[in-house]
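Before any comments, here is the structure.
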Amino acid sequence: MCKLGDIIVVKEFKDKKGTTVPKHSFVVINDEKDFIEGFEYDFVANVMCSFHDEKHKKHKLSIEGNLEIKPEQIHGENINSKGGYIRADELFYFNKNKIEYKVIAHMDDELLDELVQLIIKLHDKNKERSVIANL
């Protein structure tokens with residue numbers, strides 16, 4: 001079971017184009033059941049990505065919808081010590097009965113608050129996308 005602020009690894013998911021993507025990390029931003037476009041979901045998450053190098057980091061952090069993650073902001077085992085970023089502009093809706101995942105860590109409350117504030121800001125600017133391909 002995952003909860004707000006958990007870092008999970010999803011064995012396989014569908015991206016915004018419906019393409020199947022193998023093993024990837026997400027941060028849970030909502031863990032309450034609800035419906036979107038008539039589909040039931042159990043949780044909402046944002047995808048997490050790693051930086052390849054300093055040039056990649058600089059480019060990704062120049063994008064308004066991306067939020068940097070520093071290794072010290074994540075607590076758990078098997079954590080990437082390089083850091084990375086969260087794509088706050090895409091909200092992935094999941095049904096736990098249709099995916100395989102495991103909880104690997106939890107993020108600091110301060111980082112979670114910063115992420116939620118960024119999502120609200122993006123929503124107000126109509127710059128967020130809902131991905132429901134995993135329902």
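Note that these values count all heavy atoms, side chains included, but never hydrogens, waters or copies made by symmetry.
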Crowding at [atom1], [X] (>12 non-hydrogen neighbours, <6.0 Å):
| X | atom1 | answer |
| --- | --- | --- |
| N126 | CG | no |
| K96 | NZ | yes |
| E40 | CD | yes |
| H123 | NE2 | no |

What are the two closest non-hydrogen atoms of [X] and [Y], and how far apart are they?
| X | Y | answer |
| --- | --- | --- |
| K3 | V28 | O-CB, 3.5 Å |
| F13 | P22 | CE2-O, 4.5 Å |
| M107 | I86 | CE-CD1, 3.6 Å |
| C2 | I8 | CB-CG2, 4.0 Å |

### Message
With salt bridge (charged side-chain N to carboxylate O under 4.0 Å, His left out) as the criterion, how do D124 and K121 come out once you've worked through the C-alpha distance, each side chain's angles and the decisive distance to 0.1 Å?
### Response
CA-CA 5 Å; D124 291 346; K121 179 181 169 184; over 6 Å; no
#### Entry: Proximity of F51 and Y85 rings by center, below 6.0 Å
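Yes, close enough.
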### Query
Does K60 pair with E68 as a salt bridge, N-O distance under 4.0 Å?
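The answer is no: the pair does not qualify as a salt bridge.
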### Atom pair NE2 (H75) and CD1 (I104), whose distance is rounded to the nearest 0.5 Å
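Going from NE2 on H75 over to CD1 on I104, the span is 13.5 Å.
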### Query
Checking side-chain contact (heavy atoms from CB on, under 4.5 Å) for the pair N46/L115: CA distance, chi angles, key distance, verdict?
CA-CA 10 Å; N46 294 102; L115 175 58; 4.0 Å; yes
### Task
Identify which one of F43, F94, F92 satisfies the ring pair (Phe, Tyr, Trp, His ring centres under 6.0 Å) criterion when paired with Y101.
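Of all the options given, the one that passes is F43.
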### Task
If a pair satisfies side chain to side chain donor-acceptor pair (under 3.5 Å) and one of its residues is in residues 19-34, list it, with sequence neighbours excluded.
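As it turns out, there is no side chain to side chain donor-acceptor pair (under 3.5 Å) pair with a partner in residues 19-34 once direct neighbours are skipped.
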